[in-house]
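A quick write-up on the structure given underneath.
Indexing begins at 1, ligand by ligand and atom by atom, following the structure's order.
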Amino acid sequence: MVAACRKVQPNDHVPVWFMRQAGRSLPEYRASRKDIGMLESCMRPDLVAEITMQPVRRYGVDAAILYSDIMLPLKAAGVDLEIVSGRGPVIAHPVRTPGDLEQLRPLDPERLWYITQAVELITSQLGDLPLIGFAGAPFTLASYLVEGGPSRDYAATKALMVSEPSLWEAMCIRLADLSAVFLQAQVAAGATVVQLFDSWAGSLSAEDYRRYAQPYSARVLRAVADTGVPRIHFGVGTSELLVQMGTAGAEVIGVDWRLSLAEASRRVGHRYALQGNLDPALLSAPWPVLAERAREVISSGASAPGHIFNLGHGVPPEANPAVLAMIVELVHTEGPQLRAAARAELAEASTAGGPAASSRSQYT
Ligand code: CP3
């Protein structure tokens with residue numbers, strides 16, 4: 001997994017994990033969470049370790065991801081918020097004026113003691129398997145803070161962004177610094193990879209992303225640059241933003257299902273490892289069809305200098321865990337051959353027809 005992030009992936013292994021691999025799709029998760037609120041569960045190191053390990057035990061994935069939430073550092077900093085099951089984060093006092101920023105105070109890393117303890121517990125159980133730490137990108141966090149909860153069109157967020165640029169900047173800098181403290185705490189305690197989630201960045205035009213989102217994501221990514229841990233940068237609906245996401249600083253770009261990995265890699269100049277991108281909605285398709293799609297993802301991912309297999313977004317709550325287990329098995333058993341064959345074909349195309357030929361490969 002770490003080798004793939006660093007673009008030195010051996011052909012004999014395609015790593016795989018799933019965004020939201022811990023969560024409501026697992027009966028053991030539902031049992032662990034019984035009668036315990038989401039954010040409360042994130043503050044109990046024993047429970048965090050248990051829930052983080054559940055999908056590792058069940059699926060044999062190549063990485064664990066810390067069970068926590070992108071909103072947690074805001075909660076730790078004193079923002080009055082809740083995570084409502086089936087809905088998402090809900091903020092008591094949405095941000096509308098400069099005075100509303102008072103709730104975003106700098107976060108003393110000591111207040112994340114339960115994260116430190118949980119990460120230490122998890123890494124002691126993981127052996128050589130990497131633990132992915134994560135944080136939310138400022139735009140996605142801001143969308144919850146301004147809307148007060150989940151939104152379809154982000155109208156209040158975008159209106160504030162373009163009409164109050166100095167308030168927007170002040171808010172995003174505070175959010176970037178909260179996410180930076182969250183990431184640094186996870187890495188200091190032993191997380192070996194990090195992922196920055198900018199889940200809702202795809203709602204922005206490329207120009208607005210460049211002005212109002214990318215600089216603050218870059219600020220978060222810079223905060224962990226000198227730790228040397230590989231950084232993954234992911235968003236949904238970001239086909240038109242991939243180049244600018246790349247320049248924000250991560251080594252790996254996460255791609256949703258809207259674009260083939262070969263085309264994504266072409267757009268970013270084959271300079272990054274890619275993560276993705278099986279459509280999570282297809283998890284309910286009959287296995288032979290789904291298996292074929294998983295194979296196509298592996299072949300297409302061979303265009304990138306490193307590929308980590310994942311879904312294009314999180315595991316839906318109604319997903320069948322048995323299907324996810326079959327995907328892991330397929331990626332591990334068929335992945336090496338599929339990747340090697342696709343890479344051989346790409347190499348042949350580029351020697352036969354010059355550099356341009358490889359981008360005309362059947363996998364684009
Ligand atoms: O397994 C993992 O991926 C690690 C844990 C994780 C959670 N949230 C646990 C969680 C991670 C990485 C996140 C990140 C997160 N949180 C994001 C970015 C990723 C993405 O999905 O785009 C976002 C946007 C949030 C905010 C948030 N928290 C939402 C939208 C929700 C879902 C609301 C719902 O119930 O549908 C949450 C709650 C949440 N975070 C759950 C989990 C397991 C479900 C809680 C429950 O059991 O009800």
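When hydrogens are left out, the protein atom nearest atom 22 (O) of ligand 1 is Ser199 OG, 2.4 Å; that is the closest non-hydrogen contact. The protein atom (non-hydrogen) at minimum distance from atom 24 (C) of ligand 1 is Tyr144 OH, 3.4 Å. Here the protein heavy atom with the shortest distance to atom 11 (C) of ligand 1 is Phe134 CZ, 3.6 Å. Looking at atom 14 (C) of ligand 1, its nearest protein heavy atom turns out to be Ile70 CG2, 3.7 Å. Scanning the protein heavy atoms around atom 10 (C) of ligand 1, the nearest turns out to be Met38 CE, 3.5 Å.
At a 4.0 Å heavy-atom cut-off, ligand 1 does not touch Pro317 at all. Under 4.0 angstrom from ligand 1, the non-hydrogen atoms of His313 all belong to its side chain. Neither the backbone nor the side chain of Met71 has a heavy atom within less than 4.0 Å of ligand 1. Heavy atoms of Leu66 found under 4.0 angstrom from ligand 1 belong exclusively to the backbone. Within the 4.0 Å heavy-atom criterion, both parts of Arg20, backbone and side chain, lie near ligand 1.
In this structure, CD in Gln21 is found 9.0 Å from OG1 in Thr52, a value given to the nearest 0.5 Å. To the nearest 0.5 angstrom, Thr97 atom OG1 is 9.5 Å from Leu160 atom CG. Atoms CG and CD, on Leu311 and Gln275 in that order, are 10.0 Å from each other to the nearest 0.5 Å.
Ionic pairing of Arg152 and Glu147 is not present here: no N-O contact between side-chain nitrogen and carboxylate oxygen is shorter than 4.0 angstrom. With respect to Arg57 and Glu50, a salt bridge is recorded, a charged nitrogen being found less than 4.0 Å from a carboxylate O.
A donor-acceptor contact under 3.5 angstrom links the side chains of Arg24 and Ser85, judged on distance only. Counted by atom type alone, Ser32 and Gln54 present one or more donor-acceptor pairs between their side chains at under 3.5 Å. Donor-acceptor pairing under 3.5 Å is lacking for the side chains of Tyr216 and Ser179.
Of the options Asp100, Ile91, Leu81, Thr157, a side-chain contact (heavy atoms from CB on, under 4.5 Å) to Leu145 is made by Ile91 and by none of the others.
Aromatic ring orientation, Phe234 versus His313: tilted (interplanar angle from 30° to 60°). Note on ring orientation: taking the six-membered ring where Trp is involved, the planes of Phe134 and Phe182 are perpendicular (angle over 60°, cut-offs 30° and 60°).
The shortest heavy-atom contact between Leu261 and Leu274 is O-CD1, 3.4 Å.
Heavy-atom proximity to Ile83, at under 4.0 Å, picks out these atoms of ligand 1: 37 (C), 38 (C). Within the listing of ligand 1, atoms 34 (C), 35 (O), 36 (O) sit less than 4.0 angstrom from a heavy atom of Gly86. The contact set between ligand 1 and Phe197, taken as ligand atoms under 4.0 Å from a residue heavy atom, comprises 12 (C), 18 (C), 19 (C). Heavy-atom proximity to Ser85, at under 4.0 Å, picks out these atoms of ligand 1: 35 (O), 46 (C), 48 (O). Proximity to Pro89 (heavy-atom distance under 4.0 Å) selects the following atoms of ligand 1: 26 (C), 27 (C), 29 (C). Close contacts between ligand 1 and Gly88 involve ligand atoms 33 (C) [criterion: under 4.0 Å to a heavy atom]. Listed by atom number, the atoms of ligand 1 under 4.0 Å from Tyr29 heavy atoms are 43 (C), 45 (C), 46 (C), 47 (O). Every atom of ligand 1 is numbered from 1 in the order shown, and the set under 4.0 Å from a heavy atom of Arg33 is 45 (C), 46 (C), 47 (O).
In terms of polar-atom proximity, defined here as any N/O pair under 3.5 Å, Arg24 does make such a contact with ligand 1. For Asp69, a nitrogen or oxygen atom sits less than 3.5 Å from a nitrogen or oxygen atom of ligand 1, counting backbone and side chain alike.
Proximity of a side-chain donor or acceptor of Arg174 to a complementary backbone N or O of Leu101 within less than 3.5 Å is detected.
At a 4.0 Å cut-off, not a single heavy atom of Phe234 sits close enough to ligand 1 to count as contact. The closest approach between Gly314 and ligand 1 stays at or above 4.0 Å for every heavy atom of the residue. Using a non-hydrogen distance threshold of 4.0 Å, Phe18 does not register as a contact of ligand 1.
The nearest non-hydrogen atom to atom 9 (C) of ligand 1, considering only Gly133, Ser68, Ser41, comes from Ser68.
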Worked check of side chain to side chain donor-acceptor pair (under 3.5 Å) between Glu345 and Ser299: CA-CA 10 Å; Glu345 196 166 319; Ser299 300; over 6 Å; no
